[in-house]
Amino acid sequence: MIGRLNHIAIAVPDLAVAAARYRDMLGAAVGEPEALPEHGVTVVFIDTGNSKVELLEALGEGSPIASFLEKNPAGGMHHICYEVPDIVSAIAKLVESGARILGDGKPRIGAHGNPVIFLHPKDFDGTLVELEEVAPL
């Protein structure tokens, strides 16, 4: 079902500082910040050539990243995202298999303009998994 690794997301307390660190210390191609109010985050994507790193900063007090950063003040890995060709069929298969879809169980539009869902970390060895629908090349 899953395809290639799309990105690894890292929650950070200061997006500008983290983006500068990747750009200046690692020589990475760093994108522009993008606010995603529906998800409660501001993101910056870092192109690694074969995948991406997504830096996440809390946007508003109700942000899920805010509670993550309370527990991990220095930041840390938040989730991993895999591509799927058809998110609706992926949801059906996952639910049939007993996996829990977070939220209302319906896809939302993510940072790349594609439908995404998140899977409960307790169902995937303590890791929050995001699935993003991406048309096959």
Side-chain angles (χ1 to χ4, degrees):
M1 172 192 336
I2 63 172
R4 76 179 194 99
L5 173 66
N6 185 281
H7 65 267
I8 295 172
I10 301 172
V12 300
D14 187 319
L15 193 59
V17 169
R21 186 176 302 121
Y22 274 81
R23 182 187 61 243
D24 301 341
M25 295 175 78
L26 294 174
V30 176
E32 292 298 317
E34 180 183 355
L36 301 171
E38 181 180 336
H39 296 276
V41 296
T42 301
V43 301
V44 165
F45 281 96
I46 297 163
D47 186 355
T48 63
N50 61 349
S51 189
K52 295 178 278 305
V53 172
E54 177 185 38
L55 301 177
L56 304 165
E57 180 181 65
L59 178 64
E61 292 181 21
S63 171
I65 301 305
S67 60
F68 180 90
L69 289 170
E70 284 177 19
K71 297 173 192 158
N72 307 280
M77 187 176 135
H78 185 261
H79 68 269
I80 187 165
C81 177
Y82 299 104
E83 296 178 356
V84 295
D86 180 350
I87 203 155
V88 173
S89 66
I91 291 169
K93 182 174 181 166
L94 286 159
V95 169
E96 182 181 305
S97 299
R100 292 171 281 180
I101 312 296
L102 295 180
D104 63 7
K106 297 177 184 164
R108 297 183 347 197
I109 299 302
H112 299 113
N114 297 327
V116 300
I117 59 166
F118 286 88
L119 307 175
H120 200 292
K122 289 184 179 178
D123 296 339
F124 294 92
D125 307 301
T127 302
L128 179 62
V129 173
E130 178 183 19
L131 298 180
E132 178 177 347
E133 183 177 284
V134 176
L137 298 175

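As the structure is a computational prediction, the values presented were derived from the model and not from experiment. One-based numbering along the sequence shown.
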Joint cluster assignment, [X] & [Y], ILVMFWY side-chain distance < 4.5 Å:
X      : Y      : value
Ile87  : Leu94  : yes
Val129 : Met77  : yes
Val95  : Val88  : yes
Val116 : Tyr82  : no
Ile8   : Phe124 : yes

Please check: side-chain N/O of [X] versus main-chain N/O of [Y], any donor-acceptor pairing under 3.5 Å?
X     : Y      : value
Ser63 : Gly60  : no
His39 : Ile109 : yes
Asp47 : Gly49  : yes
Arg4  : Asn50  : yes

Q) Would the number of heavy atoms belonging to other residues, nucleotides or ligands and lying under 6.0 Å from CG of Asp125 be above 12? A)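 Open: at most 12 neighbouring heavy atoms sit under 6.0 Å from CG of Asp125.
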(Q) Counting only heavy atoms from other residues, nucleotides and ligands, does the tally under 6.0 Å from CD of Glu38 exceed 12? (A)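 Atom CD in Glu38 is crowded, with more than 12 foreign heavy atoms closer than 6.0 Å.
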Shortest non-hydrogen contact from [X] toward [Y]:
X      : Y      : answer
Val44  : Pro33  : CG2-CA, 3.6 Å
Ile117 : Pro107 : CG2-CA, 3.7 Å
Pro85  : Met1   : CD-O, 3.7 Å
Pro64  : Ser67  : O-OG, 3.0 Å
Ile46  : Ala28  : CG2-CB, 3.5 Å
Val12  : Ala18  : CG1-CB, 3.7 Å

Q | Test log, rule side chain to side chain contact (heavy atoms under 4.5 Å, CB included), inputs Leu119 and Ile101 | A | CA-CA 5 Å; Leu119 307 175; Ile101 312 296; 3.3 Å; yes
Roughly how far, to the nearest 0.5 Å, is the [atom2] atom of [Y] from the [atom1] atom of [X]?
X      : Y      : atom1 : atom2 : answer
Asp86  : Leu131 : CG    : CG    : 11.5 Å
Leu59  : Thr42  : CG    : OG1   : 4.0 Å
Glu132 : His112 : CD    : NE2   : 5.5 Å
His78  : Leu69  : NE2   : CG    : 8.5 Å

Q) Relative to each other, are the rings of His79 and His7 parallel, tilted or perpendicular (30° and 60° limits)? A)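 The rings of His79 and His7 stand perpendicular, inter-plane angle above 60°.
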Q: Please assess Glu57 against Ile65 for the test side chain to side chain contact (heavy atoms under 4.5 Å, CB included), listing each intermediate value before the final yes or no.
A: CA-CA 7 Å; Glu57 180 181 65; Ile65 301 305; 5.9 Å; no
Q.
Evaluate Asn6 against Lys52 for side chain to side chain contact (heavy atoms under 4.5 Å, CB included), listing each step before the verdict.
A. CA-CA 6 Å; Asn6 185 281; Lys52 295 178 278 305; 3.6 Å; yes
Q: Applying side chain to side chain contact (heavy atoms under 4.5 Å, CB included), run through Ile10 and Tyr22 and close with a yes or a no.
A: CA-CA 12 Å; Ile10 301 172; Tyr22 274 81; 3.3 Å; yes
